[in-house]
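Encoded as structure tokens, the structure appears first; notes follow it.
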Amino acid sequence: MNLAFGSKDLIFQQELQAFLAECLPDDIRERCARGLIVGNEDLIRWQRILYDRGWMAPNWPVEYGGTDWTLTQKYIAAREFAAACAPLPTFGITMLGPVLIAFGSAEQKAFYLPRILKSEDVWCQGYSEPGAGSDLANLKTRAVRAGDDYLVNGQKIWTSYAHWADRMFCLVRTDPAAKPQKGISFLLIDMDTPGIEIKPIIGLDMGHTLNEVFLSDVRVPVKNRVGEENEGWTYAKYLLQKERSFVARVAQSRHLVQRLKRIASEQKMGAGYLFGSAEFRRRVSRLEIDLQALEYTELRYLSKELQGEPVGPEPSILKIRGSEIQQGLKQLLVESLGMYGVPYENDSMTVSDSYMEVGPDHRHGIVAEHLYGRGATIFGGSNEIQRNIISRMLLGT
Amino acid sequence: MNLAFGSKDLIFQQELQAFLAECLPDDIRERCARGLIVGNEDLIRWQRILYDRGWMAPNWPVEYGGTDWTLTQKYIAAREFAAACAPLPTFGITMLGPVLIAFGSAEQKAFYLPRILKSEDVWCQGYSEPGAGSDLANLKTRAVRAGDDYLVNGQKIWTSYAHWADRMFCLVRTDPAAKPQKGISFLLIDMDTPGIEIKPIIGLDMGHTLNEVFLSDVRVPVKNRVGEENEGWTYAKYLLQKERSFVARVAQSRHLVQRLKRIASEQKMGAGYLFGSAEFRRRVSRLEIDLQALEYTELRYLSKELQGEPVGPEPSILKIRGSEIQQGLKQLLVESLGMYGVPYENDSMTVSDSYMEVGPDHRHGIVAEHLYGRGATIFGGSNEIQRNIISRMLLGT
Amino acid sequence: MDFNLTEEQSMLRDSVERFVADHYQNTDRAALVYSDLGYSAEHWRLFAEMGWLALPFAEQHGGFGGTPVDTAILMETLGRGLVLEPYLSTVVLAGGLVALAGSEVQQADIIPQIIAGDLTLALAYLEPASGFDPSHVATTARSDGDGFLLNGYKCVVYQGPSADRFILSARTEKGVSLFVLEQGLPGLCRKDFKTLDGQWASDLSLEDVSVGPEALLGGEGLALPALEQVLGRAVSAVCAEAVGSMAAANEITRDYIRVREQFGVAIGSFQALQHRWVDMHIEAELAKSMSDALAMRLRDGDEDVPAMVHATKVTVGRAAQIVGQGAVQLHGGIGMTDDYAIGHYYKRLSIIDLLFGNQDYHATRYEALEPAQ
Amino acid sequence: MDFNLTEEQSMLRDSVERFVADHYQNTDRAALVYSDLGYSAEHWRLFAEMGWLALPFAEQHGGFGGTPVDTAILMETLGRGLVLEPYLSTVVLAGGLVALAGSEVQQADIIPQIIAGDLTLALAYLEPASGFDPSHVATTARSDGDGFLLNGYKCVVYQGPSADRFILSARTEKGVSLFVLEQGLPGLCRKDFKTLDGQWASDLSLEDVSVGPEALLGGEGLALPALEQVLGRAVSAVCAEAVGSMAAANEITRDYIRVREQFGVAIGSFQALQHRWVDMHIEAELAKSMSDALAMRLRDGDEDVPAMVHATKVTVGRAAQIVGQGAVQLHGGIGMTDDYAIGHYYKRLSIIDLLFGNQDYHATRYEALEPAQ
């Protein structure tokens, strides 16, 4: 047993830190630090910097433009990027890339992967449907062969950033007669194809990140199908597993703890400071300790993975506890504002940088991040679903 | 809307208080105040005092030796008895009496009811079986007609005070072919009938209140059946509903709060007093406030009942919250002892009055009551079952 | 002992229920939220016509002499509909202070106008460094001839943009005092903003705002007992409102999980969801009992009212969090959208948890009533 | 970074597992609990033979120079079996103090005897008014010729009846000091009792107990740093033990709810029970990570060890409560009986929550390391 990272890893970590300190633009760092959404142009600006450094796709193999980082180094990198308040990698990098690399045709890889690396394409994920949220096997969007095309009809929902996207990777039903999890195919769809209509969903935070995507007789060339027809579920499951790595979000939560402590020791509350409230203080330290436990758990699981143990319920455990800690911290951040938790403007995050000029500067972003964060226990497999997964694996009931 | 009790009720309350102050023996009050179990002889000594006063069976009609108290007065009485640390009424009074009065034959009423009032019979309840805990419909104990008798074979479990009991009221299966909830009969069994064997179950608290009761070819006269054959389930349900009134145990919990505050403000903990710990203080006040809310909820439900509204999920709500508060308070009481939560003797409650002569006097009884109290969320319909009941009534799912 | 409504109280509830059904269930609440006023002037006239604005005031001023119990009944029903009209600011808070502390002249001036629906007011009592403590006042009112010169900063004044007048706390030589200020006084600068729960509010900065002696409400330096008493009634009012909002949120959630299907069955058939809903229901039930009892205790002027105010706000605050968060979670994705009603209930319930002091504030004050040794 | 066991560590774990399987899974633990000794002298000889009693001691005293990680591996496995032998008292606590603070003479006297299994010790550091604070010592040691006269009262000394010697803290003119006392000294009076977790313990009262200068362990007045350091290792040891007990409790519970039927199905098919078990499992997983990390940090002598000690005890304490209470609840009636194993796990886990300081104590000390302004 050994807690320390090796000296090579420590040098790697310093290299990352130096890069992030020098190259991450201040305005982008500032938005991320406040939990505000980073606009598409800003995101691309940052990604071009990453691309120039060769670090755009840490999770891809070197031959496709990825890195040769070890699993430990990938972990360190994810942590350092988050600690430095860099934007998270996009769907194209985290989700589509691995699927194309594993299951795509040579042409698909040659065409799409470089475009993702160079930020020439922004991708969105067409997964959920009104009747298929937790239960993806219930997909209804139909794709029917018509010559060299599929004719796609249906509706997707909760599609993050569809309004920024050039393309969508998408699950569609190609064989309605098959069992629910069979008969699904994986298509790549250009968002400017006729028949696609995007309708914004305004969130609890009054921001626009989610969308409905309506597909009416959308023609998708058969060559845009990834892998075999009716085998899309297999690829989706592969992708889901990728999605669940590094889900604990420890570095992000640590940043929340730091913000919280800074505010609580600066914020006057009547006769004293907020941190003088023993109850508030205790709630902060409980969450800080929980976060420490989560971090060691993440490291312990990483060390099992390095040893070659197969992945079991660990990602679900990290997701459940990570999201609970995030929500707890965001709740405390809102409480730290006292009555300044009340003001809220609907365009404070995405449409413009304008925000209320009332209250202390540190309040900017906190309520929006809190509201948006209520989704952490809902999207990407709700915590109820995660508990079912763990139960199925360990109780077998 | 009106919170105050009427002046008649207030006079009634004073009368009760005066009686309890004068007539409840100090040694019995002391054992109850510490949450220790009161021995059978002591119990009977107290019941004879109640009988002389005419208050042995407040929940029975006057013509059977009960009282003419209104529902409000019964509530006040239950509260005052608990607040004065009087023993709780026994199964004969609370559970069997109402069933006999509603469904018993004239002979049964004439014979059994006076004997209960005079504490000539101690009753136990033969309900649960190894395979029928939450699911009483799964009863397996068989009763087969043999002339004027039933021949009873089977096993009961969790039978409180069977070792003190003269008789047992008991559910047995008389028609195995009927649907699970049909074919059950309600029998009155003398505990000295040949074929009955009692095996103590030692509890978590190392005390002996629970038992297994084995029945082998036990002859029970048919005249000892209450009501119709195969209709026992109906009577049992009636009894269950009686059992769930006054389940919040507010007065008992208020007594725990008082003990807790007294200990916490007397108990040195390092440099200060326990109550100087802000976290401990907050946990006490949270529970005290919860208890206040529970008490007003009990009163609000009582006022609905007085208005004639049918009983719905209210008893389950009171049971869930009441048991959670009790367990929370008992946990805090143990914590208030610091390291003196560690000593524990196995006969401190029932077999003898001897207890460790270490630690402050107030520690006596606390750990035993805490351990015994873990059962509050299990027995009498577990809290999971209570939530199912509420869900069925209100969600209809 | 009786928690049931009298006939008159039932009639009051029924009339408010009808208003909510007619004006909030089938119209576009969002349009009101984004209007300049933030609520409907037409509704406000209806409030006046129904006599609701007269409810708590004494008969000598044209009021009905209603009690905190009546206010609670009204507020609970308004809470079911997430009603936006400024009853709390104008009637409970400002009206309450005028009725309690105002001179005869001030009462005769202000109360009939409130009752007629012609005057709205807002209360400015908190400051950026005060937390939730009304006694922590840095704003000053310096004697200046007959009158006063006010300087300072007040924060998060609900209905700040639309109120005709403010009642504002400031510190004079004699202590914390209350002043009635007209909108638009020179030196009184407003920063307006929308609130999380869809209302309008303002921060106020005061620079040498000059007022005459008639602006003083109640005795100089005597504001705190009146403020505390009225804030206690306001706690009762928002707790009742929260009780109504929680009942509605639980019903909406119940109806949703009964019909929403996943894995081929209604999600309400999953035990984990059932039990979570049951826990939300239990919280709401306990909150209702405390809210009702607090209103009765306020009416009856019981001695232990302060402890009961704090205990009720703690109970209702926690219930509001559990019900609000649970309702969003049980809705899943749709709970995260602005279009669907449940999110608005969640937001209002979150705000009520902190209005007039959050759980920590009230628990601390509750404990201070019975100090540890 | 590696949480996996080395080959040597795996061998240690396997050997302890075999011991537990051979001696605790098929024999009558209750008979040991109610024996005069409270554990098995034969087992203790086995501990010596296996080298476990030598594990943490330096090679110069015949030890193996093991680290807190090795102790944690041993304790975790002992925890799975609810093993009764006094490893914690004799080896971790008393042995740890002698190794850390003892003179060469004391070390050469005591440590080889411990390793041989010939000497057991108990630590007496708490008093009725001290809470969990080792610095709060009212027991006095007055200079008396060359030696000392001890007066005072020590409470809840685990293994008090069976230990050959005590290590006891008392206050001299120079501050808190440690003394080694033989059982049976004149004026040393013992009150013995069973503990909730089935062991023997004692309160000790001291009336003019006279000891020579050689009884002083470490420098006069210098006890606290050594005590704190050894208590930190003891926290690590009991946390590891709790991790083993929780793993066992969760497995026993899993196996029970898989087979126990109600309403015609295994109760493990009810989602509410499944999710509760999952939450117990998650708590145990997090506790395991903290416990492992603490052992490594203690071994590596990291700067932030005190914070980590407090954080780990808080985490493990909460997990112990949640797992222990949940295991009893999921068992239903049978969980409430003394016959069935789960109740004994619950009791030991409850005790571990308070040994060496409960959650409140450690959270407060954690916070004190980074004071609020």
Side-chain angles (χ1 to χ4, degrees), chain B residues 128 130-135 137-138 157-158 180 201-208 210 267-274 277-280 283 327 331 334-335 337-346 355-360 367 370-372 374-375 377-379 382-385 387-388 391, chain D residues 34 126-136 155-156 158 191-199 201-203 260-264 267 270 272-273 276 321 324-325 328-340 342-344 346-347 350-351 353-355 357-361 363-364:
Chain B
S128 297
S134 300
D135 177 19
N138 197 35
I157 196 168
W158 315 126
I201 298 174
I202 302 303
L204 260 192
D205 61 351
M206 319 285 277
H208 174 204
L210 302 172
Q267 179 64 52
K268 279 267 200 183
M269 274 295 210
Y273 290 89
L274 176 56
S277 156
E279 154 124 343
F280 195 85
R283 287 163 72 199
Q327 291 186 342
Q331 175 74 34
V334 171
E335 285 186 35
L337 301 177
M339 279 303 281
Y340 279 124
V342 168
Y344 196 71
E345 207 173 54
N346 72 348
Y355 55 94
M356 264 76 49
E357 288 171 25
V358 296
V367 180
H370 161 68
L371 293 169
Y372 192 74
R374 296 312 305 174
T377 49
I378 293 176
F379 294 119
S382 72
N383 282 17
E384 290 82 6
I385 294 287
R387 287 189 169 86
N388 288 346
S391 171
Chain D
Y34 291 109
L126 291 177
E127 304 182 358
S130 68
F132 300 107
D133 181 358
S135 73
H136 193 94
C155 72
V156 191
Y158 265 82
K191 294 182 198 166
D192 299 338
F193 47 86
K194 286 304 286 182
T195 66
L196 182 62
D197 50 340
Q199 307 199 31
S202 315
D203 274 15
R260 168 71 177 167
E261 290 196 1
Q262 292 280 282
F263 307 104
I267 61 174
F270 294 117
L273 273 59
R276 182 151 186 181
Q321 291 286 355
Q325 292 174 0
V328 168
Q329 182 71 24
L330 291 186
H331 274 80
I334 207 166
M336 289 296 296
T337 67
D338 183 58
D339 257 6
Y340 203 77
I342 203 67
H344 300 283
Y346 165 61
K347 288 177 182 178
S350 302
I351 293 290
D353 180 29
L354 63 82
L355 281 186
N358 61 14
Q359 295 168 61
D360 191 18
Y361 173 79
T364 304

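Labels below follow one simple rule: chain letters A, B, ... track the order of the sequence lines, proteins then strands, and each chain is numbered from 1.
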- Task: Kindly indicate whether the side chain of D:Gln262, heavy atoms from C-beta on, has any atom under 4.5 Å from the side chain of B:Asn138.
- Result: no
- B:Leu371, part contacting chain D, at a heavy-atom distance under 4.5 Å: both
- Message: Under 4.5 Å from any heavy atom of chain D, what part of B:Tyr372 do you find: side chain, backbone, both or neither?
- Response: backbone
- Task: Just give me the residue among D:Ser130, D:Gly343, D:Gly333, D:Ser202 that pairs up with chain B most often, heavy atom to heavy atom, under 4.5 Å.
- Result: D:Gly333
- Kindly write out the residues that satisfy salt bridge (Lys or Arg N to Asp or Glu O under 4.0 Å) with D:Asp133, not counting sequence neighbours, or none if the list is empty. none
- Item | Closest heavy-atom pair and its distance - D:Gly264, B:Asp135 | N-OD2, 4.2 Å
- So which of D:Glu261, D:Arg276, D:Lys347, D:His331 has the largest heavy-atom pair count under 4.5 angstrom toward chain B? D:Lys347
- So do the side chains of D:Leu354 and B:Met339 get within less than 4.5 Å of each other, counting heavy atoms only? yes
- Could you check which of B:Arg374, B:Met269, B:Lys268 has the highest count of heavy-atom pairs closer than 4.5 Å to chain D? B:Arg374
- Item | Counterpart residues, salt bridge (Lys or Arg N to Asp or Glu O under 4.0 Å), relative to D:Arg260 (two or more places apart) | none
- Would you say the side chain of D:Thr337 lies within less than 4.5 Å of the side chain of B:Leu204, judging by non-hydrogen atoms? no
- Query: Side chains of D:Ile334 and B:Trp158: closer than 4.5 Å at any heavy-atom pair?
  - Reply: yes
- If you round to the nearest 0.5 Å, how far is OG of B:Ser382 from CG of D:Leu330? 10.0 Å
- Message: Which atoms of B:Val342 are under 4.5 Å from chain D, going by heavy atoms: the side chain, the backbone, both sets, or neither?
- Response: both
- Message: For a 4.5 angstrom cut-off between non-hydrogen side-chain atoms, does B:Tyr340 reach D:Asp203?
- Response: yes
- Message: Heavy-atom pairs under 4.5 Å with chain B - which of D:Met336, D:Gln359, D:Glu127, D:His344 has more of them than the others?
- Response: D:Met336
- Query: Any idea which heavy atoms bring B:Gly203 and D:Asp338 closest together, and the distance?
  - Reply: O-CB, 3.4 Å
- Task: Just do the side-chain contact (heavy atoms from CB on, under 4.5 Å) check on B:Glu279 and D:Thr364 with the steps written out, would you?
- Result: CA-CA 9 Å; B:Glu279 154 124 343; D:Thr364 304; over 6 Å; no
- Message: Can you tell me which portion of B:Pro130 sits under 4.5 Å from chain D's heavy atoms? Options are side chain, backbone, both or neither.
- Response: backbone
- Task: Under 4.5 Å heavy-atom distance to chain B, tell me which part of D:Ala201 shows up: side chain, backbone, both or neither.
- Result: neither
- Measure B:Ala137 against the heavy atoms of chain D and call it side chain, backbone, both or neither at under 4.5 Å. neither
- Does any heavy atom of chain D fall under 4.5 Å from the side chain of B:Ile201, the backbone, both, or neither of them? side chain
- Check the pair D:Val328, B:Ile378 against side-chain contact (heavy atoms from CB on, under 4.5 Å), reporting the backbone distance first and the verdict last. CA-CA 9 Å; D:Val328 168; B:Ile378 293 176; 4.1 Å; yes
- Task: For side chain to side chain donor-acceptor pair (under 3.5 Å), just list the numbers for B:Glu384 and D:Gln329, CA-CA rounded to whole Å, side-chain angles, deciding distance to a tenth of an Å, and then say yes or no.
- Result: CA-CA 10 Å; B:Glu384 290 82 6; D:Gln329 182 71 24; 3.1 Å; yes
- Heavy-atom distances under 4.5 Å only: say whether D:Tyr158 touches chain B with side chain, backbone, both or neither. side chain
- Could you look at B:Gln327 and say if it's the side chain, the backbone, both or neither that has a heavy atom under 4.5 Å from chain D? neither
- Task: Against chain B, label D:Tyr361 side chain, backbone, both or neither, depending on which of its atoms sit under 4.5 Å from a heavy atom there.
- Result: neither
- So do the side chains of D:Gln321 and B:Gln331 get within less than 4.5 Å of each other, counting heavy atoms only? yes
- Message: Counting C-beta onward and ignoring hydrogens, is there a side-chain heavy-atom pair between D:Lys194 and B:Tyr344 closer than 4.5 Å?
- Response: no
